[in-house]
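Excluded from the calculations below are hydrogen atoms, water molecules and symmetry mates; all remaining heavy atoms, backbone and side chain alike, are included. A quick note: this is a predicted structure, and the numbers were derived from the prediction, not measured.
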Amino acid sequence: MTQKLLSTRSLFATLSLACVFLAPRANAEIHYYVSLTHPEQHLFHVTMEVPDVKDQLDLQMAAWDALYEIRDFSSHVQRVTASVNGRDVPIEKLDKLSWRVQATGAVKVSYDTFWDDPGPFSSQLNSEHAFINQAMILLYVPGRRAEKSILSLRDVPAEWNVASASPVLLESMDRARMFTLEAQTFDALADSPIEASHFEEFTIHDLTPPVHVVIHGDDYKKHDVETALRKICAYEVKLMDGAPYPEYTFIFHIGKAANGSGGGMEHANSTAINIPSGPLLPNVSAHEFFHLWNVKRIRPASLEPIDRTREMYTRSLWFAEGVTNTFSSYALVRTGIWSKQDFLQDLSQQITELESRPAEQWQSAEQSSLDAWLEKYALYNQPQRSVSYYTKGQVLGFLLDIVLRDRTDNQRSLDDLLRSMNTDFAREGKFYRDSLDIRLESEKLTGGSIADFFDNYVASANPLPYQSLLARAGLELRTHESIRATLGFLPQREPGAPWTVAAVEADGLAAKSGLQVGDEILRWNNGDVPRRPERWAAQQKPGDILRLRVRRAEKEESVEIRLGELHEKFFQVAEMPGADARARRLRDGILRGTTDPVTARTH
């Protein structure tokens, strides 16, 4: 006899997904079975059952998910076979992502996929746990993504439990355990990551709807985690006039379980977060929870309909990610998790990071968003080649808040802009047109044009007007400067490979000394290359000599480089002494999340 028990996990994701235009077949269900046997081998053993196949079945695997990077998850796959009624049938690989089965009936496809990558942006199976981003391990039928999808986890170690944002059904038969998850579409299933391990779990019941917390790891205090999450979730739900989910699940890997990786990944009704210790939890959690609205439901049209086989370019990541950073910092200061000084210090650090990158002079927030797909290349991430849409977007969000408050005499704010977009787009099942609709929604609040802000600082890379805008909110930007040594070139090393010169600054001292891209670095001042060359340089003085022995075209050469100097500016946002009453009202409104009563339309 089979016993079925519903776990405490939350309900499946309810998404406005691109695949809704696909008409599901009556009562059709695609069923996946994933075995975790021998987890130390890092192999997920997957069987996929597809009913009602007529003549031909095309299968596909995603090229990207969780990150804006083409990662070709099919490279992890091996031993793909197909059968019908227990008889093998031919399966042909068409390209790096696609397979075809020539058959009729209920087709069963089996394969193994190897995963041992920590972090919320990957999947992992080892003797400690299984974490599954399902889009990374599951084949899907391109034309049948709208059909009900079921996943059953088999051979789960006896001491492990299973958690996900999809409902988890525990089935037991003959002492075996199988955990089954159901979703109305493949995309909803793929947007519900799974944690299987010996984890701690609890529910914050006084939040409505309830929030579930799953923690695999150590170096945290349950009381501190629960207190911080209660404040963050309650505040953000109130800010956005209600929760968009039936239930919500946090999946944390903390301490040793994080395995050196960090970050968070948002999902429709859940998030997965890796952090080295508990005290870092509030900042990441506030960001990921706010993604419930901004990006998961307030969503740019340029990311729809979703296509996991190719790059999807958008100009709006400065808003989807960066302004989400703005609101995570707002949540922390407005709930008392951060002090006012903590908030201003964080803003100061973002401005310092942004202004320290030479690319800030030419790369706009929109271009940074478009170029997200280049972030997997180390060269692109260098300060002279790119700025982060997270950082620039956070700063732009804060400055836009000041603009909205200033032009409406503190009667409208960035909070109102997000609520307006939630009403006009998310709740109507519509997607916004990148920066255009953000600007138009802003202008609805102010009653006048804000094209100058968007043209100059979002679409273009003009210097941000810190002093003039900050002053309107009773703040000022103070500057401190220091000088440090710089190498003038970028040393780089892949695991197990030698150090090489990845880039050389044009017209810099290293270039004038004859150093070239591609040089293999054999010796560094008659010793080994330091583990962190940039940190080594920071401990030297401008003008000091660095002697390198390099190999170039099978020949060894000596290169003597005089270290250059880098002038670094540090920025500090502080309260302006003697700010007038209006400026103080704007500043207090930002810090407290308040506006003044609307008395008349402001132009």
| request: Assign the ring pair Tyr33 / His31 to parallel, tilted or perpendicular, where the plane angle (0 to 90°) is split at 30° and 60°. | output: parallel
Are more than 12 heavy atoms from other residues, nucleotides or ligands located less than 6.0 Å from atom [atom1] of [X]?
X      : atom1 : result
Arg315 : CZ    : no
Lys238 : NZ    : no
Tyr377 : OH    : no

Answer yes if the side chains of [X] and [Y] hold a donor-acceptor pair under 3.5 Å, and no otherwise.
X      : Y      : value
Gln124 : His129 : yes
Glu195 : Ser197 : yes
Ser261 : Asn259 : no
Thr309 : Gln60  : no
Glu266 : His287 : no

[X] side chain near [Y] side chain, heavy-atom distance below 4.5 Å:
X      : Y      : answer
Asp241 : Thr423 : no
Ser435 : Phe319 : no
His45  : Asp155 : no
Asn269 : Thr249 : no

Say whether, by atom type as modelled, one donor and one acceptor occur between the side chain of [X] and the main chain of [Y] under 3.5 angstrom.
X      : Y      : value
Arg297 : Leu292 : yes
Trp64  : Arg310 : yes
Arg177 : Ala158 : yes
Gln134 : Ser192 : yes
Asn381 : Glu375 : yes

| request: Given side chain to side chain contact (heavy atoms under 4.5 Å, CB included), test Leu138 with Phe44 step by step and report yes or no. | output: CA-CA 10 Å; Leu138 299 182; Phe44 293 104; over 6 Å; no
| field | Steps toward side chain to side chain contact (heavy atoms under 4.5 Å, CB included) verdict (Leu181, Tyr32) | value | CA-CA 10 Å; Leu181 298 78; Tyr32 299 90; over 6 Å; no
Between [X] and [Y], which heavy-atom pair has the shortest distance, and what is it?
X      : Y      : result
Pro193 : Ser270 : CD-OG, 3.6 Å
Ser369 : Ala365 : OG-O, 2.9 Å
Met61  : Met136 : SD-O, 4.1 Å
Thr271 : Met265 : OG1-O, 2.9 Å
Trp160 : Asn126 : CH2-O, 3.5 Å
Pro305 : Met312 : O-CE, 3.1 Å

| Looking at the rings of Trp373 and Tyr68, which for Trp means the six-membered one, are their centres under 6.0 Å apart? |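 Yes.
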| message | Quick check on the 6.0 Å ring-centre criterion: do Phe289 and Tyr248 meet it? | response | yes
| task | Check each of Phe186, Phe73, Trp99 against Tyr140 using the ring-ring contact (aromatic ring centres under 6.0 Å, His included) test, and report the only one that passes. | result | Phe186
| query | Mind checking what makes side chain to side chain donor-acceptor pair (under 3.5 Å) contact with Lys376, not counting sequence neighbours? | reply | none
| said: Taking side chain to side chain donor-acceptor pair (under 3.5 Å) as the definition, give me every residue that meets it alongside Asp95, ordered by chain and number, with sequence neighbours left out. | reply: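 Asp95: side chain to side chain donor-acceptor pair (under 3.5 Å) contacts with Ser98.
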| query | Going through the distances and angles, do Thr203 and Glu247 end up as a side chain to side chain contact (heavy atoms under 4.5 Å, CB included)? | reply | CA-CA 10 Å; Thr203 299; Glu247 297 183 30; over 6 Å; no
| message | If the condition is salt bridge (charged side-chain N to carboxylate O under 4.0 Å, His left out), which residues does Asp117 pass it with, not counting sequence neighbours? | response |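 Salt bridge (charged side-chain N to carboxylate O under 4.0 Å, His left out) check on Asp117 returns nothing, list empty.
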| remark: Result for salt bridge (charged side-chain N to carboxylate O under 4.0 Å, His left out) between Asp187 and one of Arg144, Lys148, Arg145 points to Arg145
